Amino acid sequence: MLRFTALDLATNRKPEMANIPDKKISDYFGELTFNDTAQREYLTKDAYDQVVNAIERGDRISRVVADQIASSMKSWATNKGATHYTHWFHPLTGATAEKHDAFINPLAGGRAIEGFRGNELMQQEPDASSFPSGGIRNTFEARGYTAWDPTSPAFILDKTLCIPTIFVSYTGEALDFKTPLLKVLNSIDKAAVEVCRYFNEDVKKVNATLGWEQEYFLLDKALYNARPDILLTRRTVFGHASAKDQQLSDHYFGTIPTRVMEFMKEFEYECHKLGIPIKTRHNEVAPSQFECAPVFEEANLAVDHNQLLMHIIKRIASKHNFYALLHEKPYAGVNGSGKHNNWSLSTDTGINLLSPGKDTLSNLRFLTFLVNILKAVHDYSDLIRASIASAGNDHRLGANEAPPAIISVFIGTELTRALRELENQGTNKIEDGKGMDINVPKIPEILLDNTDRNRTSPFAFTGNKFEFRAVGSSSTCSKAMTPLNLVVANQLKLFKKEVDALIENGSSKDDAILQVLRQYARESKNILFEGNSYSDDWVKEAESRGLNNIKSTPQALSIAMTPEIIDLYEREGILTKRELIARHDIKLKKYTMQIQIESRVIGDLATNHIIPVAIKYQTVLMDNVKGLKEVLDNKTFVKLSKNQLQSIKDISEHISEIRENTIKMIEERKLANKIEDAEEQAIYYNEKVYPFFDVIRYHVDKLELMVDDNLWPLPKYREMLFIR
Ligand code: ADP
Ligand code: MG
């Protein structure tokens, strides 16, 4: 039987030794990227300067120089063994896309030479008609083009030079995740620089920084192949809890199993060569769950690096006979996986704007950014909630190990006190430049020690950055980063306007800043929560505060499509109404499709895997009862067959429940599939089809406990969760 063959393979695996050289990490870090060092070596001075200006100031690169850059990149890449190149982009599927071309130019006489021209570097026209566009680009006008993003270094993967690009339609609409992200990062740069100038005249650029933490599960490949549900949906739709899973907390931060360690070494080696600064690795809470985290980077680069890492993790896992599960909730009843997005803002003068300072001026600057962020998250909490919505994350948000679907912010006791102090201050006039006379609440340095941590908050301040913890493990970070940076950029602009107006009316600068901050602190107070966000009390309290608790993806997506939010995107020039509607449509359809696939898998497995073996086992029991009746006297038979008969009855009941509910689910699915409106359809799937999943699962999982282990067709949780 497949299950036992798979178990046999998984149990007898020998660790695959990591294929890595005996060198220091610094010897090979970034060697497969066309990074600053490679650029200095391969580019002419002029070309190098143009690339640097493009990165730092967004300047355009001239065609002539583009030819030089392309030719140098080709030399660098072919010296490293590359034979092909591709534009590497992030279409709205959420994955990455590439289409490879060889560096080849045929010559007369049947020979060829390697070539790569400027226009091939700068722009490509992939026939991308099959990527989702939400109706923006019809199949008959398939043209879309990719354009080079010089801020993210090109890299070599599988002998292919990969050039990070944006992906837009011929009519200019964004068809990817990178385009709006780059625009937002530009907005927040401009907005934050303006506000920084109240404190430091010499700040010219502010970068959003991102350090993600990637959680994932590893599953032996043979067991993966024996579970059609994981194969098709990335999660188990059935499976009774293992008697022991994470109760003893004996996996978290424990010794990493040898097989896994060898995988990690090789996977990190591949990441390091590609310049992904992976630093941390450890066991996570659930058995066979792990985490890795890099040193933070500029947000666009960090997003690319996470996309790349998700690709590499799967590839190297496969080499080590694992399947890397990035799904938010592959197993019911044990922790799911998230991707904490640690986020901050840092200036070109080396200041982390979320680091509390040692003097009054830097404390005021810190409070300014902190309070503006609170206000932004408060005012646009629905958009923040929508940014993390997905079918996979629905299983996680609100479950007992993950933040609830209620957006709240944790800032710790010291900062809460500082904000209260700020709010309660009088409106005494304060003179500029009086140093300590400015009544800025004191923020003790203790904060930097990170002692005050709350691991239940979806959005927590952690000493010098915010940690957005509700992001799902399989999501691209740009889905969370684009709205977050957008609402903060918008807020900083509003702040600047209000402060300037007060100054114009005669207030001193510091006084004006404090006055506006005081008002914001008051207005955004109800988003702050210091307690246990996993508790039922919080759900009640949040409701009384009027905070939204949006549990499902279709609802979360729809509630964030208000005229105000559309206006915000348009005003900042990030996405047009048409683009937003298209994206909304794509997300809803993706949700619908995922639930539809899961529903079909549940129906198939229940009907042709589970019910037949349950019947088989039931027949064994019935034969047994018949046999007992033949050999026993009636009185003994009645006594001894009682339990057997009960089991036969129980099995029948479970089978009939599974059958009936599967039929009802399929009927609902048929009705759902007739609905044309994407939003209505997604909501129908969520409200009418999805609820059957748990009902059917309940009965299947009961059968798993009753049916002879030798007959059970699917690998069980206890077999999948522990790596041998
Ligand atoms: P945790 O305690 O939550 O596991 P760490 O304190 O180890 O996390 O840091 C988690 C992540 O936060 C790392 O990726 C780190 O690089 C990142 N990080 C640290 N400082 C910043 C910053 N200023 N901006 C963005 N990310 C940061
Ligand atoms: Mg963390």
Side-chain angles (χ1 to χ4, degrees), residues 25 29 181 184-185 188-189 192 196 203 205-216 249 251-254 256 264 268 271-272 275-286 289-310 313 335 337-357 362 365-366 369-370 373 377 401-403 409-412 415 446-471 473 477-478 480-482 484-485 488 533:
I25 295 173
F29 188 84
L181 177 70
V184 158
L185 293 174
I188 198 156
D189 169 21
C196 272
V203 171
K205 186 166 172 64
V206 170
N207 274 326
T209 52
L210 167 64
W212 38 263
E213 301 163 55
Q214 178 75 52
E215 294 179 339
Y216 60 96
S249 301
H251 181 67
Y252 190 52
F253 281 19
I256 300 171
M264 282 183 177
E268 288 182 11
C271 287
H272 287 149
I276 307 173
I278 293 294
K279 194 172 169 71
T280 311
R281 61 184 176 212
H282 61 78
N283 287 2
E284 257 303 326
V285 172
Q289 190 188 25
F290 305 91
E291 176 181 304
C292 66
V295 178
F296 68 91
E297 299 174 284
E298 183 278 318
N300 174 44
L301 188 57
V303 169
D304 280 0
H305 278 165
N306 181 252
Q307 289 292 114
L308 194 50
L309 173 125
M310 290 198 285
I313 213 169
N335 277 19
S337 298
K339 170 146 50 199
H340 299 176
N341 276 207
N342 296 273
W343 168 85
S344 188
L345 295 169
S346 86
T347 69
D348 56 347
T349 56
I351 299 164
N352 176 353
L353 295 170
L354 287 176
S355 263
S362 49
R365 183 186 62 217
F366 166 70
F369 282 92
L370 178 84
I373 292 167
V377 174
E401 90 289 354
V409 185
F410 168 87
I411 54 171
L415 280 182
I446 186 171
L447 223 136
L448 286 173
D449 292 344
N450 252 343
T451 39
D452 200 4
R453 296 295 284 261
N454 177 323
R455 300 206 172 260
T456 67
S457 175
F459 199 79
F461 184 73
T462 52
N464 59 2
K465 61 186 185 290
F466 273 99
E467 182 170 356
F468 190 9
R469 304 176 66 251
V471 183
S473 50
C477 299
S478 50
M481 284 294 111
T482 303
L484 177 63
N485 285 288
V488 174
S533 302

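Computed from a predicted model, the values in this text were never measured in an experiment. Count residues from 1 along the sequence. Keep in mind that the numbers below use all heavy atoms, side chains included, and drop hydrogens, waters and symmetry copies. Start at 1 and go down the list; that is how both ligands and their atoms are numbered.
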**Student:** Enter the distance from Phe410:CZ to Phe459:CZ here, rounded to the nearest 0.5 Å.
**Tutor:**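 CZ of Phe459 is found 13.5 Å from CZ of Phe410.
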
**Student:** Consider every N or O of Pro294 and every N or O of ligand 1, then say whether any pair is closer than 3.5 Å.
**Tutor:**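 N/O-N/O distance under 3.5 Å: yes.
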
**Student:** Does Glu213, backbone or side chain, put an N or O under 3.5 Å from an N or O of ligand 1?
**Tutor:**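 Yes.
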
**Student:** Quick one: pull up CD1 in Ile313 and CD in Glu268 and give me the separation to the nearest 0.5 Å.
**Tutor:**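 Spacing of CD1 (Ile313) from CD (Glu268) equals 9.5 Å.
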
**Student:** Within a strict 4.5 Å, meaning less than it, do heavy atoms of the Leu353 and Arg365 side chains meet?
**Tutor:**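 When only atoms from C-beta onward are counted, Arg365 and Leu353 do touch, with a gap below 4.5 Å.
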
**Student:** Taking heavy atoms and a distance under 4.0 Å, where does Leu354 meet ligand 1: side chain, backbone, both or neither?
**Tutor:**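 For Leu354, there is no contact with ligand 1 at all, from either part.
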
**Student:** Is the backbone of Met481 close enough, under 3.5 Å, to the side chain of Trp343 for a donor and an acceptor to pair up by distance?
**Tutor:**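 Flag not set: sc Trp343 to bb Met481 has no pair under 3.5 Å.
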
**Student:** Kindly indicate whether the side chain of Cys271, heavy atoms from C-beta on, has any atom under 4.5 Å from the side chain of Leu309.
**Tutor:**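 When only atoms from C-beta onward are counted, Leu309 and Cys271 do touch, with a gap below 4.5 Å.
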
**Student:** Indicate, as side chain, backbone, both or neither, the part of Val295 found under 4.0 angstrom from ligand 1 when only non-hydrogen atoms are considered.
**Tutor:**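 Under 4.0 Å from ligand 1, Val295 contributes backbone atoms alone.
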
**Student:** Pairs of nitrogen or oxygen atoms closer than 3.5 Å, one from Glu291 and one from ligand 1: do any exist?
**Tutor:**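 So ligand 1 has no N or O lying under 3.5 Å from an N or O of Glu291.
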
**Student:** Out of Glu467, Lys465, Glu297, whose heavy atom is nearest to atom 9 (O) of ligand 1?
**Tutor:**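 Selected option, by shortest heavy-atom distance: Lys465.
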
**Student:** Does Thr280 have a non-hydrogen atom less than 4.0 Å from ligand 1?
**Tutor:**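 Under 4.0 Å: no for Thr280.
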
**Student:** How far does NE2 of His272 sit from CD1 of Ile25, to the nearest 0.5 angstrom?
**Tutor:**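 Reported value, rounded in 0.5 Å steps: 4.5 Å.
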
**Student:** Just to be sure I'm reading this right: ignoring hydrogens, which of Asn342, Ile278, Asn207 gets closest to atom 11 (C) of ligand 1? Compare them by their nearest heavy atoms.
**Tutor:**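 Checking each option, the heavy atom nearest atom 11 (C) of ligand 1 is found in Asn342.
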
**Student:** Roughly how far apart are Cys477 SG and Asn300 CG, rounded to 0.5 Å?
**Tutor:**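 Rounded to the nearest 0.5 Å, the SG-CG separation comes out at 11.5 Å.
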
**Student:** By number and element, which atoms of ligand 1 are closer than 4.0 Å to a non-hydrogen atom of Asn352?
**Tutor:**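 Taking each heavy atom of Asn352 in turn, ligand 1 has 23 (N) under 4.0 Å.
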
**Student:** Would you check the N or O atoms of Phe296, main chain and side chain alike, for any that come under 3.5 Å of an N or O of ligand 1?
**Tutor:**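 Right, the criterion is met.
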
